Amino acid sequence: MSAVTQLPAWQALQQRIETALETPILSLFDDPERFDKYSLKVQNILLDISKNPIDDDTFQQLLELARQCDLEKRRDAMFNGEHINVTEDRAVLHTALRNRGHSPVYVDGEDVMPIIEHELKRMRVFVNAVRKGRWRGHSGKRITDVVNIGIGGSDLGPRMVTQALKPYADDQINIHFVSNVDGMEIANVLKGLNPERVLFVVASKTFTTSETMTNAQTARNWLMASSFDSRAVAQHFVAVSSNAVAVKAFGIKLENTFQMWDWVGGRFSLWSAIGLPIALYLGFKQFEELLQGAHDMDLHFRNEPLERNAPMWLALTTLWNSTFLGRHSQAILPYDWPLKKFSAYLQQAEMESNGKSVDRNGDIVPYTTGSIIWGQLGIDGQHAFYQYLHQGNTIVPADFIGSVESSTPVAGHHEKLMANFFAQTEALMCGINADDVRRDLTAKGMSSANIERLIPHKIHQGNRPTNSLILDHLSPRTLGALIALYEHKIFILGTIWDICSFDQWGVELGKTLAQNILPELQSGDVRDDHDDSTRNLMQYFVDQRKS
Ligand code: F6P
């Protein structure tokens, strides 16, 4: 029996499930203060969780559950560098990377702030040299294009942030990303580039990830093929990694390697030198603004009482909707075009962290942990999958994210965009019942026979939970705060579920099998110790390629 499910607050919450499922969210607004109680403003972000099936007593019990799970103690343990990544025996210190207060942070007795600040300084010097044209290509030409080669946490963060903050870029540097081992991606990126003006950033914490190493080798061959000799690698390749030996073996010099540490998880690493493409694209000052925004959110998470703590609120809505009410999927729906890649970013952050089924002691957990995170730009989603959100028979809680001011104001557009944001959250909660449908269709002159036939199809049950996040304006600082908000949400959920959010053993088996299968595809000799389906599929692939 899991210790968490035995906690008094967990048991009390179990007793509240039926009422929550039977009570329309809309009826909770009989309390005229509900919006004020369940919305708060933090770091230029208004967070409203009032459209959730959470009444005051449930909210208090959820907070109580967090306390009974020692949330505050475990939060402090993370910030203080304790080895909370228990299966890898590591500290978890992405917060130290953006510790703009510069107070010491100890890992195993050593203050890590000096090495973090040293690395940030190296990044600043390098970024300024490239952007001001002091760092040049092998033939003396200025660098105009940066290609980040990395995958997962070494790709998604910089890819998402550079897209989100495009309006802050000054066009000195063009930025490109290559993550997939499908040759099309790198071929497409290289096609438009001049080798004399390209800088490749090979980003890989381990420097062993097969996709990244394959793409880096292809980029190197491409450079060599343009009549450069191997000395050119020094001017056109830099690395971000914690594996200095492998970086050197690839041919990148130590002085062109930016360090990261084992206490920075890949999916939490954009604050480290993994953020180098962000700084190259936007300039170092904007990168520092991003760090500052995240640091401000860290301070909020550490210092504000749990009752008025934004990451807590976000986590508790997911905990209640998913683990207790059985709504295991969650949509992330930005109404802010620059946040186009935000749901893909959060998908890795949340699902790789909390997609676990054993607790920290290795015992199977008897409740559902991480949600299925998915989504895309809200407006486009409205014309694709919102039908399912409104009338599907699975309820999908959703986070709506928009801004007061557009990043790229064009007359008449932003109000239309945000009208949809408000309309959708209203429709999802309030729905429309048979009487209203009847009244509406009667006013349009439809025959009563047709009306009665259509009513069941037009009813929206409503009662679908949403969170609303409204940013003042999508600036580097606000984006930093927004990302940190979700990072802490992930930590809180992992703490309450009592799982280790900071390892990712589940990605290993597939990697190992792919390594074993590759030589079989290359030689055409398919071994017979695969399961029948896989062996036949591989044989088909090999045979088709021969014919
Ligand atoms: O396969 C998953 C993963 O290990 C992620 O956790 C990580 O972000 C990604 O691969 C890339 O790893 P690396 O930075 O070591 O290349």
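For clarity, every value in this text was computed on a predicted model and none was experimentally measured. Both counts, for ligands and for their atoms, begin at 1 and track the order of listing.
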Problem set entry | Protein contact of atom 14 (O) of ligand 1 - nearest heavy atom, named by residue and atom, plus distance | S154 OG, 2.6 Å
Problem set entry | Contact atoms of ligand 1, heavy-atom distance to I151 under 4.0 Å | 9 (C), 11 (C)
For this session: Report yes if T212 has an N/O atom closer than 3.5 Å to an N/O atom of ligand 1; otherwise report no.
Result: no
For this session: Show which atoms of ligand 1 fall inside a sub-4.0 Å distance from at least one heavy-atom site of K205.
Result: 13 (P), 14 (O), 15 (O)
Problem set entry | Heavy-atom side-chain contact between L97 and W261 under 4.5 Å | yes
Exercise. Closest non-hydrogen protein atom to atom 7 (C) of ligand 1, residue and atom name please, with distance?
Worked result: G153 N, 3.9 Å
Exercise. When you check the gap from the basic side-chain N to the acidic O, do E288 and R100 get nearer than 4.0 Å?
Worked result: yes
Exercise. If you count the atoms of ligand 1 from 1 in the order shown, which ones are under 4.0 Å from a heavy atom of Q348?
Worked result: 5 (C), 8 (O)
Problem set entry | D298/R98 ion pair, N-O < 4.0 Å | yes
Problem set entry | Electrostatic pair D532-R535, nearest N-O below 4.0 angstrom | yes
Problem set entry | Element-labelled atoms of ligand 1 that are located less than 4.0 Å from some non-hydrogen atom of S204 | 13 (P), 14 (O), 15 (O), 16 (O)
For this session: In plain terms, say whether D70 and R74 are close enough for a salt bridge, that is, a side-chain N and a carboxylate O under 4.0 Å apart.
Result: no
Exercise. Thinking salt bridges, do K205 and D262 make one under a 4.0 Å N-O criterion?
Worked result: no
Exercise. So which heavy atom in the protein is nearest atom 4 (O) of ligand 1, and how far is it from that ligand atom?
Worked result: K511 NZ, 3.5 Å
Problem set entry | Within 45° cone and under 6.0 Å: R122 NZ/CZ vs F258 ring | yes
For this session: Could you grab the distance from atom CG of N309 to atom CZ of R75, nearest 0.5 Å is fine?
Result: 7.0 Å
Problem set entry | Salt bridge R90-D503, side-chain N to carboxylate O under 4.0 Å | no
Problem set entry | Atoms in ligand 1 with a heavy atom of T209 nearer than 4.0 Å | 12 (O), 13 (P), 15 (O), 16 (O)
Exercise. Hey, does Q504 come in under 3.5 Å of ligand 1, counting only N/O atoms on both sides?
Worked result: no
Exercise. Which atoms of ligand 1 are found less than 4.0 Å from any heavy atom of T206?
Worked result: 13 (P), 15 (O), 16 (O)
Exercise. Taking only heavy atoms of V507, which atoms of ligand 1 are found under 4.0 Å from at least one of them?
Worked result: 1 (O), 2 (C)
Seminar exercise, completed: Of all protein heavy atoms, the one nearest atom 2 (C) of ligand 1 is E352 OE2, 3.5 Å
